[in-house]
Amino acid sequence: MADEFIKGFGIFSTAALAWITLAAWYQTPSFYDTQLIAAPVEPETTFDAIGIFLTDVFLWTALLGALAFWVLIPIGRELVEALENRRSTN
Amino acid sequence: MSDEETKPDVQSGGSGAVAPDDETPSWMERKTRSTGLSRLTYEYFERARREDQDLRTESDYVERDVLGFPTWPHEVIRNLAITMFFSGVILLIAATVPPHLGAPANPSKTPEVILPDWYLYWSFGLLKLNPLNPGLEILGGDKIISDQLYGVLANVVVVSAVAVVPFLNKGSARRPVEQPFWAAIGVGGFVFSITIAAIAVQNLIPLSLALQLNLAFVLPIVSGIITYAVLKTMREGYMYDLNRRYYRLRPPK
Amino acid sequence: MSLEKKDEFDHNAWLKRKDLTPIEKTFLMSLIYLDQRLRIVDYLEVLETLYYRVNLQMPKSHTEQYNLDNKFWYWYPLYSLGFFSIVAYIIAAATGALLGFYYTPSTAGDPSMAYNSVVAITTDLNFGFYLRSLHRWSAQFMTAAVFLHMIRVYFTGAYKEPRELNWILGIVLISLTLVFGYTGYLLPWNQLAFWAGQIGVEMALAVPIIGEWGAQLLFGGFTLGEATIVRMYILHVFVLPFVVTALIALHVGIVWMQGIAEPH
């Protein structure tokens with residue numbers, strides 16, 4: 001379980017770093033406006049298009065990665081364990 | 001007593017250097033020779049040494065005889081790994097997300113947004129509690145203290161509440177499951193620091209002020225109660241699962 | 001008869017007799033050079049003795065300690081926050097010293113010299129934008145780390161006796177960190193800085209009895225101007241660094257003496 005913690009932590013912090021960078025570039029029109037979650041700008045070059053696409057990819061990687069390793073996998077393990085316990089007691 | 005026991009250990013141990021203090025008077029001797037405050041000091045030293053020694057003999061905890069981890073080198077070396085990672089994060093994010101420098105100061109033009117940095121939002125939110133500043137009937141609805149002073153006092157109250165924690169909560173319980181009440185207080189305080197920070201940026205949040213003020217005080221209490229309930233429920237199973245030596249070492253009071 | 005001494009303490013001859021790699025040779029030569037002048041062997045011996053006295057036994061790692069089958073300590077990252085905030089503080093100090101070479105704490109002119117110097121740092125100076133960015137981000141990380149550090153200490157009960165003193169010291173340090181942030185926030189003298197300063201003056205004035213005196217002392221008057229920015233600058237680069245560094249040393253020293261509280 002604890003190994004899962006560091007996997008989730010690594011995924012979360014790395015992906016969140018990439019996300020906050022790209023979101024600061026493409027989804028922050030100005031300091032006084034919506035920051036980080038505004039609608040993305042129209043891409044002018046291919047790199048912009050890739051960056052805008054990756055913003056969402058990294059955001060969901062961070063959220064789902066943490067969710068998977070911190071919540072879903074531990075719950076799954078607990079369930080498997082509980083089922084086995086029940087089977088062995090019966 | 002302790003003198004006799006520690007002598008061979010300290011002097012011959014480790015470096016192999018033998019301290020030239022065969023003539024150095026023992027604490028017992030020094031104690032008998034001295035009077036007044038210095039005598040009291042030696043007496044206390046002796047007691048403290050004996051207490052340590054007794055605790056060590058009583059303890060079945062043979063691996064380590066202090067209830068703390070050495071800072072150097074163990075903790076520092078372990079810390080280095082994760083610290084280096086986040087120092088790298090600082091360098092990277094400083095390169096990619098440059099800071100903002102707005103318009104120059106203009107005393108004659110009040111901007112729409114007046115905000116300190118994010119870490120002062122909680123304090124700024126406490127300054128904005130003036131709707132809760134009570135008006136007194138006796139004074140004809142007048143307020144007994146000004147709104148600004150009220151805000152400053154709120155800050156003082158919060159900081160001193162944090163400061164008195166170690167004087168109220170004593171004992172050997174460490175983990176939140178061992179002390180659900182204090183964990184609930186902590187979670188409530190943490191949630192309060194967020195909700196009160198939300199009041200600081202109240203004009204950016206599409207909720208009415210009255211609702212937000214209510215939320216600011218209700219949410220921490222609710223989360224505190226939930227924490228308490230969850231920890232109480234977890235406690236039994238958790239204590240059972242916990243390593244037994246841990247509890248032999250520090251039975252929860 | 002030769003005047004050259006040929007005794008057993010001829011270190012050069014000894015070095016020649018031994019078959020050494022270049023690294024070993026350089027090390028030994030510099031050690032001998034320093035020792036002949038500064039007698040460092042004595043000090044090294046004292047240090048060594050102290051080291052062995054302190055580390056009479058190595059403790060078990062946390063996972064061994066509690067027979068955990070885990071290879072990784074679940075809450076570990078939260079235990080490194082104190083160290084991390086010191087590292088962030090050092091980064092901020094280094095970049096801050098460099099920024100201080102180019103910054104002018106003055107409100108003269110329109111826009112003010114302070115604002116202009118920040119603009120010059122970010123646009124004209126080589127790596128200036130990165131320098132300012134690094135200073136600001138390390139300050140943000142330090143503040144965040146200090147807050148999280150406090151939360152970690154609270155939830156693991158690490159503040160309990162005999163560590164109350166360090167908890168109080170920590171509260172003083174976190175407050176000083178916030179003052180550090182606040183004074184630094186005012187220095188660019190932009191709109192945000194000016195109006196944040198305005199709030200500060202109003203807060204100081206609201207305090208009874210000592211309020212006006214405090215506002216005079218910290219802000220140099222009841223309206224913001226030249227005196228304010230100079231005071232903020234002196235606080236930020238002279239007073240606070242000394243005080244905070246000394247208190248951090250004390251804070252860490254106490255942790256060092258008492259050991260890390262029983263880990264989670």
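Here is how names work: the chains are called A, B, and so on, in the same order as the sequence lines, proteins then strands, and each is numbered from 1.
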Enquirer: Does T14(A) reach the main-chain N or O of I11(A) with its side chain, forming a donor-acceptor pair under 3.5 Å?
Expert: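 Not a single qualifying donor-acceptor pair exists.
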Enquirer: Does T34(A) reach the main-chain N or O of I37(A) with its side chain, forming a donor-acceptor pair under 3.5 Å?
Expert: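 Not at all, since once roles are kept as given, no pair shorter than 3.5 Å links the two residues.
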Enquirer: Looking at every heavy atom in both F124(B) and I114(B), which two are closest together, and how far apart are they?
Expert: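 Where F124(B) meets I114(B) most closely, the heavy atoms are CE2-O, 3.6 Å.
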Enquirer: Does anything in residues 87-97 of chain B get under 4.5 Å of chain A by heavy atoms, and if so which residues?
Expert: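 Against chain A, the residues of residues 87-97 of chain B that fall inside the cut-off (heavy atoms, under 4.5 Å) are V89(B), L92(B), I93(B), T96(B), V97(B).
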Enquirer: Distance-only, no hydrogens or angles: does the T195(B) side chain make a donor-acceptor pair with backbone N or O of A216(B) under 3.5 Å?
Expert: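 Present.
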Enquirer: Tell me, for I20(A) versus chain B, whether the close heavy atoms (under 4.5 Å) come from the side chain, the backbone, both or neither.
Expert: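 Contact with chain B involves both backbone and side-chain atoms of I20(A).
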Enquirer: Going by side-chain hydrogen bond (donor to acceptor under 3.5 Å, both in side chains), name the pairs with one or both residues in residues 152-167 of chain B, residues two or more places apart or in two chains.
Expert: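 As it turns out, the side-chain hydrogen bond (donor to acceptor under 3.5 Å, both in side chains) pairs with a partner in residues 152-167 of chain B, which skip direct neighbours, are S123(B)-N155(B).
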Enquirer: Quick check: does any side chain N or O of T28(A) sit under 3.5 Å from a backbone N or O of L36(A), one acting as donor and the other as acceptor?
Expert: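 Looks like yes, one N/O pair under 3.5 Å.
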